[in-house]
Amino acid sequence: MPEGHTIHRAARLQAAALGSGPIAVASPQGRFSEGARLLDGSTLEGIEAVGKHLFYHWDRRPILHIHLGLFGRFSTFAGEAAPEPSPNARLTMAGDATIHLSGPTICELLDPLQVEQVKERLGPDPLDRDADSDAFVDALSRRSIPIGAALLDQSVVAGIGNVYRAELLFLEGIHPDRPAHSTSESERRRLWARAVELMQVGEGLGRIVTMDPRDVGAGSHRAIPKRARLYVYKRSFEPCRRCGTEITSWDVGGRRIWACVACQPS
DNA sequence: TACATATGATCAT
DNA sequence: TGATCCTATGTAA
């Protein structure tokens, strides 16, 4: 279930869990056997997250590039013996902890130049402390596509996916069909600030929670019932949590989006 | 058992 | 715009 927050969290937790010793790398499924052989027994120098991409840096080995896509998943086993990996496991890494990877869109080895080329295609990442928010604001001002589509374009902003785009546009009161360049500069700046805020929450919790506690009732995010974490995503025909208007959904940029057209006027 | 669905992205037309 | 790749899960049959 990967938007950028999942990826950054994985980088942080996996680096800590795997430890600094040699890592046994294998590919039970076989489609990454060659790469696994090359990495097997090497030590990990760090895991870098950029948008939805992960880069594993090893001691004198090529860089492992992973992108989970829609279906990719990690399973981490620490403190207990890891179970046999599923026959579909593309990659397993065993150090202090064991990690199984299945279903990634990308699992490949790259040299540093190729890594730079991947990064060059990405816009600023709200989870990057040094991100250039002006680049995001400028990119939106230059696009005539719907703002709902622009937020999914990873060259505009890296790490936002279908859940965050719908929730961000709700929270900022912006109709998803509005052309990106029709938004005001202050709307664009607020979108960025909100993305940073929401994705940091998501990184910390390991799931997407966008509701303001004031709209929920009280208590910590952990106490928020499953059904009450999001304002609009997948809530067709249900009442808006702010105004009661029925949530509607339609396609924007090739994906389903949900919105309250009363709170998000066109 | 089968089908629908999913927080993604690319490529062909 | 549509087809395609990748896997797991939940619901319907």
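A note on names: the letters A, B, ... follow the listed sequences, proteins ahead of strands, and every chain is numbered from 1.
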Residue list, salt bridge (Lys or Arg N to Asp or Glu O under 4.0 Å) with D132(A), at least two apart or on another chain
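Counting only residues at least two positions away or on another chain, D132(A) forms no salt bridge (Lys or Arg N to Asp or Glu O under 4.0 Å).
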
What range of DNA chain C does chain A touch, first nucleotide to last, counting atoms under 4.0 Å from its heavy atoms?
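Contact span on the strand: dC6(C) to dA8(C).
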
Taking 4.0 angstrom as the limit, do R194(A) and E172(A) come out as a salt bridge?
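A salt bridge is present here (some side-chain N lies under 4.0 Å from a carboxylate O).
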
Could you tell me whether R9(A) and E203(A) make a salt bridge, using a distance below 4.0 angstrom between a side-chain N and a carboxylate O?
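No.
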
Would you mind reading off the distance between [X] atom [atom1] and [N] atom [atom2], rounded to a whole angstrom?
X	N	atom1	atom2	answer
M199(A)	dT7(B)	CE	P	15 Å
R121(A)	dG8(B)	CZ	C1'	13 Å
W258(A)	dT5(B)	CH2	P	11 Å
L70(A)	dA4(B)	CG	P	17 Å
R235(A)	dT7(B)	CZ	P	16 Å
H65(A)	dG8(B)	NE2	P	15 Å
R229(A)	dT7(B)	CZ	P	17 Å
L205(A)	dT7(B)	CG	P	20 Å

Stems where DNA chain B pairs, listed by first number, each of three or more Watson-Crick or G-U pairs under 3.5 Å
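In DNA chain B, stems of three or more pairs: B:1-6 with C:7-12, B:8-12 with C:1-5.
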
Can you list everything that forms a side-chain hydrogen bond (donor to acceptor under 3.5 Å, both in side chains) with [X]? Sequence neighbours excluded, please.
X	answer
Y56(A)	Q14(A)
R61(A)	none
T183(A)	R188(A)
D96(A)	none

Contact under 4.0 Å: [X] side-chain N or O vs [N] OP1/OP2:
X	N	answer
R256(A)	dA6(B)	no
H67(A)	dG8(B)	no
K52(A)	dT7(B)	no

Taking only residues at least two apart or on different chains, which pairs with a member in [range] satisfy side-chain hydrogen bond (donor to acceptor under 3.5 Å, both in side chains)?
range	answer
residues 104-127 of chain A	H8(A)-D125(A), E48(A)-K119(A), H65(A)-E108(A)
residues 19-32 of chain A	Q29(A)-R90(A)
residues 137-159 of chain A	R143(A)-D153(A), D153(A)-S155(A)
residues 257-266 of chain A	S236(A)-W258(A)

Using a 3.5 Å distance criterion without hydrogens, assess whether the side chain of Y233(A) forms a donor-acceptor pair with backbone atoms of R165(A).
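Looks like no, no N/O pair under 3.5 Å.
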
Taking the same atom, [atom1], in [N] and in [M], what whole-Å distance lies between them?
N	M	atom1	result
dA3(C)	dA4(B)	P	15 Å
dT10(B)	dA8(C)	P	23 Å
dT1(C)	dT7(B)	C1'	23 Å

At under 4.0 Å between heavy atoms, what does [X] touch on the DNA or RNA strands: base, sugar-phosphate, or nothing?
X	answer
I208(A)	base
Q29(A)	sugar-phosphate
T105(A)	base

Pull out every residue in residues 144-166 of chain A that has a heavy atom closer than 4.0 Å to any atom of DNA chain B, ordered by number, or say none.
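Contacting residues: Q154(A), G161(A), N162(A), V163(A).
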
